[in-house]
Engineer: 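Once you've had a glance at the structure underneath, I'll fire off some questions.
In the text below, chain A, chain B and the rest are named by the order of the sequence lines, each starting its count at 1.
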Protein chains: 2
Amino acid sequence: MSKVSVKQLLVLDGEKGELVKTSRGNGVRDAKTLAALKSHSEAERRRRERINAHFATLRGLISSNEKMDKATLLAEVISEVKQMKKTAACASEGLHIPMDTDEVKVEECEEDQGSEPKTFSLKASLCSEYRPDLLSDLRRSIDGLPLKLLRAEISTLGGRVKIVFFVAAIEEKPEARDVLMSSVHSALTNILDKVSASAEYAESFFPRKRPSASYFNS
Amino acid sequence: MSKVSVKQLLVLDGEKGELVKTSRGNGVRDAKTLAALKSHSEAERRRRERINAHFATLRGLISSNEKMDKATLLAEVISEVKQMKKTAACASEGLHIPMDTDEVKVEECEEDQGSEPKTFSLKASLCSEYRPDLLSDLRRSIDGLPLKLLRAEISTLGGRVKIVFFVAAIEEKPEARDVLMSSVHSALTNILDKVSASAEYAESFFPRKRPSASYFNS
DNA sequence: CTGAACACGTGAACC
DNA sequence: TGGTTCACGTGTTCA
């Protein structure tokens, strides 16, 4: 172990709060460790400022206009996010409105009965941020599968898009259904991943290493 | 001020990390202050646990599946909340709902200033009954014009569709604007005529009014 | 060895 | 006066 194990006493003067060394056994080698300690505390201070800036931002974002405890602020944020996710899911389910959560869903539709050969229908949906090649990618993925596209619905809202399409497949074997459903699912998931990869816009604006050019104060 | 101002030296043993008092000048009166100190540290510990529990909850709520820094986690939460608020506001107010009357509209957007070459933006919209080849017809029309498609919004409701798209054009001459606008308008009108031609019989049943999209008006 | 990230205990301020 | 919240410096650990 690389424990430093400095055999010395660090004496904290309770009156002035200064830290003085009582170098026991060796001379003045504390210049380095002192500098290290200082940079350490400064780094920690920067970290604190970063986090607290985000806290301040959250305070501004939360509808409540009272000043809150850090903990209760987080609790408020949590409940608000939960509520928003719930209503978003509701809106996305009932109406076909693309809400905030990216998702892909594949479910079985009603059985096509009586027709020969036997077919079954799927309802697949993809909800994501829009990107230019989304539709062509989607078409390519669908074309690559043994499916017949029955109907498709596309809706957009504020840069987001929800695509629902209904496809039919010939049922060769009963066990082929799940395979097909999962392959549809993975095809859509790939598209969704490609979206989030290409739209990787970083809203991060915190200088990693900068001699503290006055963060912000509001 | 009720400064305690204990005149004593606190000696930190660097080897074991223990904190020992070297009571300077007075005896062992720390029984009370020690208890207070302990309860203080315990309270602070509880506070930390509370906050960190909320951090953990947020980690679970955020869609990202990586484990993140506290600060980045907060940043992520902030951006998600912002996004949610944006789409929520958009959904409640600015929805482009396909209404009862077929129409095509072409209007000028805000001027793009400062960019070279000079461009200007148009907002064109088409609202009609849906038919299968509508989108491909539209795309063909748009591709035939000297326009750059900036953004398009498609929304559907009950078999009707409204398509709004924003295009930019290079402004060669000032008088070319009106020419271009009218050509866009006629292109869309042609598409709309083709739609109503294929669904002509339905027009006689619903001359003018329709059950409108009432459930968007909360 | 430097740096980043965390938990901890403590001083200060505010009911 | 305690009780509670915050900021700070520090020890520790990991990459």
Side-chain angles (χ1 to χ4, degrees), chain A residues 1-21 29-59 64 66-76 204 206-212 215-218, chain B residues 1-21 29-59 64 66-76:
Chain A
M1 304 315 183
S2 65
K3 283 278 282 275
V4 186
S5 184
V6 277
K7 288 218 158 45
Q8 75 173 21
L9 284 174
L10 292 157
V11 175
L12 176 67
D13 190 317
E15 176 85 350
K16 296 187 295 178
E18 286 180 354
L19 195 63
V20 192
K21 72 247 153 274
R29 269 202 287 96
D30 304 0
K32 317 153 190 180
T33 64
L34 188 87
L37 212 65
K38 192 167 111 181
S39 82
H40 181 33
S41 70
E42 281 175 356
E44 181 63 15
R45 186 176 56 84
R46 266 178 266 122
R47 173 174 170 270
R48 248 176 282 139
E49 283 173 0
R50 201 153 23 106
I51 295 181
N52 285 337
H54 287 149
F55 268 108
T57 310
L58 276 181
R59 279 199 175 85
S64 171
E66 2 172 359
K67 54 171 185 170
M68 307 165 67
D69 197 338
K70 258 180 189 174
T72 46
L73 170 65
L74 285 188
E76 200 65 28
S204 54
F206 26 81
R208 277 306 214 190
K209 34 201 310 182
R210 197 67 182 166
S212 92
Y215 263 60
F216 78 88
N217 22 322
S218 57
Chain B
M1 305 314 182
S2 63
K3 285 273 285 263
V4 186
S5 182
V6 279
K7 286 210 159 50
Q8 75 174 22
L9 285 174
L10 293 158
V11 175
L12 176 68
D13 190 317
E15 177 83 350
K16 297 187 297 180
E18 287 180 354
L19 196 63
V20 192
K21 71 236 151 286
R29 282 192 287 85
D30 305 349
K32 320 144 192 182
T33 64
L34 187 86
L37 212 66
K38 194 168 113 181
S39 84
H40 181 33
S41 69
E42 282 173 355
E44 182 64 14
R45 175 191 188 77
R46 266 180 263 120
R47 170 176 173 272
R48 250 176 279 138
E49 283 173 357
R50 199 148 29 101
I51 295 181
N52 285 337
H54 286 151
F55 268 108
T57 309
L58 276 181
R59 272 180 228 276
S64 170
E66 328 175 28
K67 47 179 178 179
M68 310 161 66
D69 197 342
K70 260 179 187 172
T72 27
L73 171 64
L74 285 188
E76 201 67 27

Engineer: Output side-chain donor-acceptor pairs under 3.5 Å for residues 35-45 of chain B, partner residues at least two apart or in another chain, one line each.
Structural biologist:
| from | atom 1 | to | atom 2 | distance (Å) |
| --- | --- | --- | --- | --- |
| B:S39 | OG | B:A36 | O | 3.0 |
| B:S41 | OG | B:K38 | O | 2.8 |
| B:E44 | OE2 | B:R47 | NH1 | 3.0 |

Engineer: Send over the distance from B:D69 CG to C:dC6 C1', rounded to a whole Å.
Structural biologist: 10 Å

Engineer: Heavy-atom contacts under 4.0 Å between residues 38-47 of chain B and DNA chain C, which residues?
Structural biologist: B:H40, B:S41, B:E44, B:R45

Engineer: Using only side-chain N and O atoms of B:N52, determine if any of them is under 4.0 Å from OP1 or OP2 of C:dA7.
Structural biologist: yes

Engineer: How many whole angstroms separate atom CZ of B:F55 from atom P of C:dA5?
Structural biologist: 13 Å

Engineer: CG of A:L37 versus P of D:dT12: gap in Å, rounded?
Structural biologist: 12 Å

Engineer: Who are the side chain to side chain contact (heavy atoms under 4.5 Å, CB included) partners of A:A71, not counting sequence neighbours?
Structural biologist: A:D69, B:R50, B:I51, B:H54

Engineer: To the nearest Å, how far apart are A:M68 CE and D:dC6 C1'?
Structural biologist: 16 Å

Engineer: Could you state the atom-to-atom distance from CZ of A:R48 to P of D:dT5 in whole Å?
Structural biologist: 19 Å

Engineer: Could you state the atom-to-atom distance from CG of A:L73 to P of D:dT5 in whole Å?
Structural biologist: 13 Å

Engineer: CD of B:E49 versus C1' of C:dG9: gap in Å, rounded?
Structural biologist: 14 Å

Engineer: Hey, could you give me the OG1/CG distance between B:T57 and A:L74, rounded to the nearest 0.5 Å?
Structural biologist: 9.0 Å

Engineer: Taking the side chain as C-beta and beyond, is there a heavy-atom pair between B:K70 and B:R59 under 4.5 Å?
Structural biologist: yes

Engineer: Please report, rounded to the nearest Å, how far the C1' atom of C:dC8 is from the CZ atom of B:R50.
Structural biologist: 17 Å

Engineer: For B:L73 and B:K67, what are the C-alpha separation, side-chain angles and deciding distance, and is it a side chain to side chain contact (heavy atoms under 4.5 Å, CB included)?
Structural biologist: CA-CA 9 Å; B:L73 171 64; B:K67 47 179 178 179; over 6 Å; no

